[in-house]
Amino acid sequence: MGMEKTSQFKALDERYYMPAFSRSMAIVKGEGSKVWDADEKEYIDCVAGIAVCSTGHCHPAVTKAICDQAHSLIHCSNLYYVPHQGEVAKKIVEITGMHKAFFSNSGAEAIDGALKLARVRTGKKKFVAFTHGFHGRTVGSLAVTHKPAIREPFEPLGFPCTFVEYGDVDGVKQVVDKDTAAVIVEPIQGEAGVIIPPNSFMEGIREVCDGTGALMVVDEVQTGMGRTGKWLAIQHTKAVPDMVTLAKGIASGFPMGALVAREGLEFKKSEHGSTFAGGPLACAASLATIGVIEKCLPDIARKGERFRKGLARYHPRVRGLMIGITVGDKCPDVQKECAEKGILVNCAADGNLRLVPPLVITDAEIDRVIGVIDGALGKVML
Ligand SMILES: Cc1ncc(COP(=O)(O)O)c(C=O)c1O
């Protein structure tokens with residue numbers, strides 16, 4: 001099998017790039033749900049940049065919006081009104097039911113913004129987050145990210161955080177007090193392997209926060225922007241958060257994140273800022289992305305059910321097009337076999353296979369994915 005071009009990528013990477021990631025192939029082209037590697041092998045992409053490329057790769061509406069904007073203005077400072085920024089903020093406020101937005105360049109930065117806003121508006125310093133939760137790798141977001149192996153080498157981090165077992169409302173009750181600025185929670189844990197808690201967990205956190213004055217920050221960086229069949233995963237529950245963070249699927253791969261907050265919670269002048277955040281290209285990409293997702297949204301739950309049915313014997317956890325299957329230590333073998341057969345999937349934490357395909361994936365593509373995954377899982381799980 002030809003791997004010539006891929007090995008050129010590998011050689012440069014090994015010599016010149018810091019080895020923080022484990023890498024296998026070089027992806028050089030994408031269209032819809034498909035990508036091609038440097039040696040022209042085709043794949044159906046159920047990784048999608050880890051829940052980023054929701055509109056598929058290079059969706060014509062998104063590509064056109066970026067190119068059109070690039071022809072008129074690539075960047076201007078946030079000292080000025082920015083093309084498309086107000087329109088995207090309006091859309092994001094409407095779909096989240098919040099009051100105002102603030103943009104960032106990534107999910108971790110959106111979380112940093114939420115931590116700062118919680119701290120500055122409540123005047124409190126303590127945070128509560130959850131075991132196996134992931135919120136990013138900046139020094140702020142890392143403070144509320146659980147995994148000791150990635151957090152502890154960088155301690156002390158500036159935001160004191162207590163971790164409670166994910167799903168344990170009583171545990172939340174025990175640690176949240178009048179000095180807690182915010183509870184930060186993923187409505188479905190993504191990096192942990194698509195862990196879907198009962199609705200009562202989110203609703204219970206809301207109650208505890210109401211009782212103590214702590215803010216409820218819902219991290220929808222991975223679950224948001226239509227991924228689960230609603231704009232936000234929290235919208236499957238009755239809980240209404242004080243703040244929501246978004247990123248990943250928000251602009252089809254153009255770097256962008258957002259913090260949205262309810263009425264009464266906003267930054268005042270000079271409390272926060274960023275050179276690039278919410279720039280013209282990001283906002284053009286996001287506006288086009290939201291338009292595409294709006295059209296896909298009614299069909300996401302049905303597509304998720306198609307996956308559930310096809311993979312039923314492996315007991316998948318499915319919420320829209322966010323799917324996890326507990327495989328165990330053979331998960332990397334399954335990932336490898338799927339790649340060999342032209343399907344990209346990835347192993348999240350603890351041997352959990354994760355599928356987060358583009359929201360535009362077709363039924364025929366879903367059936368092909370199911371066939372290949374079934375074959376690979378059958379060997380290690382049945
Ligand atoms: C729930 C959640 N929050 C935050 C982040 C961090 O986002 P980013 O990698 O864009 O900084 C991630 C990334 O995987 C995530 O899944």
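Counting convention: from 1, in listed order, for ligands and their atoms alike. Position 1 is the first residue of the sequence, and the numbers go up from there.
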(message) Could you work out, with side chain to side chain contact (heavy atoms under 4.5 Å, CB included) as the rule, every residue matching Y314, not counting sequence neighbours?
(response)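 For Y314, the residues satisfying side chain to side chain contact (heavy atoms under 4.5 Å, CB included) (neighbours in sequence not counted) are L311, I325, D374, L377, M381, L382.
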(message) Taking ring pair (Phe, Tyr, Trp, His ring centres under 6.0 Å) as the cut-off, I'd like each qualifying pair that reaches into residues 229-268, sequence neighbours left out, listed once.
(response)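 Listed by first then second residue: F102-F267, F267-H272.
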(request) Verify the cluster assignment for M243 and F159: are they in a single hydrophobic cluster under the rule of side-chain heavy atoms below 4.5 Å apart? (result)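 Yes, M243 connects to F159 through the hydrophobic network.
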(message) Count I, L, V, M, F, W, Y as connected when their side-chain heavy atoms are under 4.5 Å apart, and connections chain through other members. Are V52 and I343 then in the same cluster?
(response)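 V52 does not cluster with I343.
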(message) So if I only count non-hydrogen atoms and take anything under 4.0 Å from ligand 1, which residues does that give, chain by chain?
(response)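 Residues near ligand 1: S106, G107, A108, F134, H135, G136, E186, E191, D219, V221, Q222, K248.
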Residues 182-189, side-chain donor-acceptor partners within the protein, below 3.5 Å, at least two apart:
| residue | atom | partner | partner atom | Å |
| --- | --- | --- | --- | --- |
| E186 | OE1 | G190 | N | 3.2 |
| E186 | OE2 | F134 | N | 2.9 |
| Q189 | NE2 | T131 | O | 3.0 |

(message) Taking H146's backbone N and O only, do any of them form a donor-acceptor pair with R151's side chain (distance below 3.5 Å, no angle check)?
(response)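 The answer is yes, because a donor-acceptor pair under 3.5 Å joins these two groups.
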